[in-house]
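Since the structure is predicted, the reported quantities are computational estimates derived from the model, not experimental observations.
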Amino acid sequence: MGLRVLGVNASARTDGFTAELLDEVLEAARRKGAKTERLDLVKHPFPLCAGNYSLDPASCGPETCVQGPWDGFGRVAERILTADAVVFATPVYWFSVSARMKALLERMTSMENQGLLNLGKPMALLAVAEEEGASQALAQMLLPLSYMGFVLAPLGLVYAHRRGKGSLKEDLEVLEDARIAGENLVLMAERLKGTPFQEPLPSYQYRLPKLPGVAAD
């Protein structure tokens with residue numbers, strides 16, 4: 001059975017430049033033998049994060065979220081959790097990731113707070129900008145996803161500038177970058193699958209109140 005690579009499209013459009021770049025990466029992964037799926041967030045709406053982590057972090061988990069684990073986000077989370085590798089793709093809106101990508105990252109707190117459920121999972125990150133801001137958007141995804149346990153594939157950061165192009169296929173350099181990212185993602189997933197990485201205790205446990213008379217270990 002081939003590896004499963006999930007592509008997450010955080011654009012408002014399913015046929016825009018972000019989707020086009022994502023499809024190029026997924027096609028490269030398919031040629032490497034992976035089974036791929038594209039998930040368009042616009043087709044799977046879910047409520048914004050309620051911020052329960054700051055009130056009751058012990059209950060912030062995929063099955064204990066105060067908004068319910070299957071409020072729409074649950075279906076997205078299930079696909080991320082069962083994938084062997086994930087490609088996160090966003091358009092650039094005002095030098096930043098899209099609102100959909102930001103909402104996804106915030107809701108994914110429930111997938112790392114009670115244990116890093118995606119620890120060691122390879123990822124690639126894509127950003128498409130009209131002009132500038134792609135590198136900033138990539139950084140805004142890279143840091144939180146890395147803290148969640150995802151591992152960036154070699155040359156897994158790909159950005160493109162639209163700048164009046166009718167299609168990304170007009171940019172041969174971007175197409176080559178997409179091919180390399182997709183192939184490296186599969187190669188890394190093959191090597192890391194099943195690796196027992198070390199992880200710390202869930203961070204909220206360090207803030208649990210100490211019981212009177214109980215000495216610290």
Exercise for the section: Give, for atom NZ of Lys35 and atom CG of Leu6, the distance between the pair rounded to the nearest 0.5 Å. Expected result: 15.0 Å
Problem - 4.5 Å side-chain heavy-atom contact, Thr18 and Thr90 - result: no
Problem - Of Asn9, Thr14, Asp23, the residue whose pairing with Arg38 passes side chain to side chain donor-acceptor pair (under 3.5 Å) - result: Asp23
Exercise for the section: Please tell me if the side chains of Val86 and Leu145 come closer than 4.5 Å, counting only heavy atoms from C-beta onward. Expected result: no
Practice task
Hydrophobic side-chain clustering at under 4.5 Å (ILVMFWY, transitive links): who's grouped with Phe197? Put none if nobody.
Solution key: Leu116, Leu119, Val151, Met188, Leu192
Fill in the blank from the handout: The reported gap from CD in Glu112 to CG in Asn118 (rounded to nearest 0.5 angstrom) is 10.0 Å
Problem - Shortest non-hydrogen contact from Leu41 toward Phe46 - result: CD2-CE2, 4.4 Å
Fill in the blank from the handout: Separation between CG (Leu104) and NE2 (His44), nearest 0.5 Å, reads 12.0 Å
Problem - Interatomic spacing from CE in Met108 to CD1 in Ile80 - rounded to 0.5 Å - result: 4.5 Å
Practice task
Taking the side chain as every heavy atom from C-beta outward, state whether Arg107 and Pro47 have any atom pair closer than 4.5 Å.
Solution key: yes
Exercise for the section: Would you indicate whether Arg31, at its atom CZ, is surrounded by more than 12 heavy atoms from other residues, nucleotides or ligands within a distance under 6.0 Å? Expected result: yes
Exercise for the section: Report the C-alpha distance between Glu176 and Arg179 in whole Å, list the side-chain angles of each, state the deciding distance to 0.1 Å, and finish with yes or no for salt bridge (charged side-chain N to carboxylate O under 4.0 Å, His left out). Expected result: CA-CA 5 Å; Glu176 180 68 358; Arg179 179 189 67 80; 2.5 Å; yes
Completion exercise
Scanning both residues in full, the closest heavy-atom pair of Gly156 with Ala181 reads CA-CB, 4.3 Å
Exercise for the section: Would you list the pairs meeting side chain to side chain donor-acceptor pair (under 3.5 Å) in which at least one residue belongs to residues 134-159, sequence neighbours left out? Expected result: Ser96-Gln140
Practice task
Considering non-hydrogen atoms only, spot the tightest contact between Ala178 and Ala28 and give its length.
Solution key: O-CB, 4.2 Å
Handout entry: Gap between atom CE of Met101 and atom OG of Ser11 - 0.5 Å precision
Key = 10.5 Å
Problem - Pairwise side-chain contact, Val42 with Arg13, heavy-atom cut-off 4.5 Å (strictly under) - result: no
Exercise for the section: Among Ile, Leu, Val, Met, Phe, Trp and Tyr joined by side-chain contacts under 4.5 Å, find the other residues sharing a cluster with Leu155 and list them by chain and number. Expected result: Ile180
Problem - Donor-acceptor pair, side chain of Asn184 and main chain of Pro154, under 3.5 angstrom - result: yes
Handout entry: Residues which pass side chain to side chain contact (heavy atoms under 4.5 Å, CB included) with Ala85, listed by chain and number, not counting sequence neighbours
Key = Val5, Pro122, Leu185, Ala189
Completion exercise
Heavy atoms of Glu106 and Thr109 approach each other most closely as O-OG1, 2.8 Å
Problem - Side-chain touch Leu126/Val128, heavy atoms, less than 4.5 angstrom - result: no
Completion exercise
Quick note, salt bridge (charged side-chain N to carboxylate O under 4.0 Å, His left out) partners involving residues 121-131, not counting sequence neighbours, are Glu130-Arg162
Problem - Tyr93 side chain near Lys102 side chain, heavy-atom distance below 4.5 Å - result: no
Handout entry: Side-chain heavy atoms of Leu3 within contact of Lys32, under 4.5 Å
Key = no
Handout entry: Any donor-acceptor N/O pair, Glu170 side chain to Ser167 backbone, under 3.5 Å
Key = yes
Fill in the blank from the handout: Heavy-atom closest pair (Leu105 atom, Met148 atom, distance to 0.1 Å) is O-CE, 3.4 Å
Practice task
Evaluate the side-chain proximity of Phe150 to Leu142: yes if any heavy-atom separation is below 4.5 Å, no if none is.
Solution key: no
Problem - Non-hydrogen atoms of Arg191 and Leu187 that approach each other most closely - result: NH1-O, 3.0 Å
Fill in the blank from the handout: By side chain to side chain donor-acceptor pair (under 3.5 Å), Arg30 pairs with (sequence neighbours left out) Glu27, Thr36
Exercise for the section: Give a yes or no answer on whether the side chain of Asp84 reaches the backbone of Arg4 with a donor-acceptor pair at less than 3.5 Å. Expected result: yes
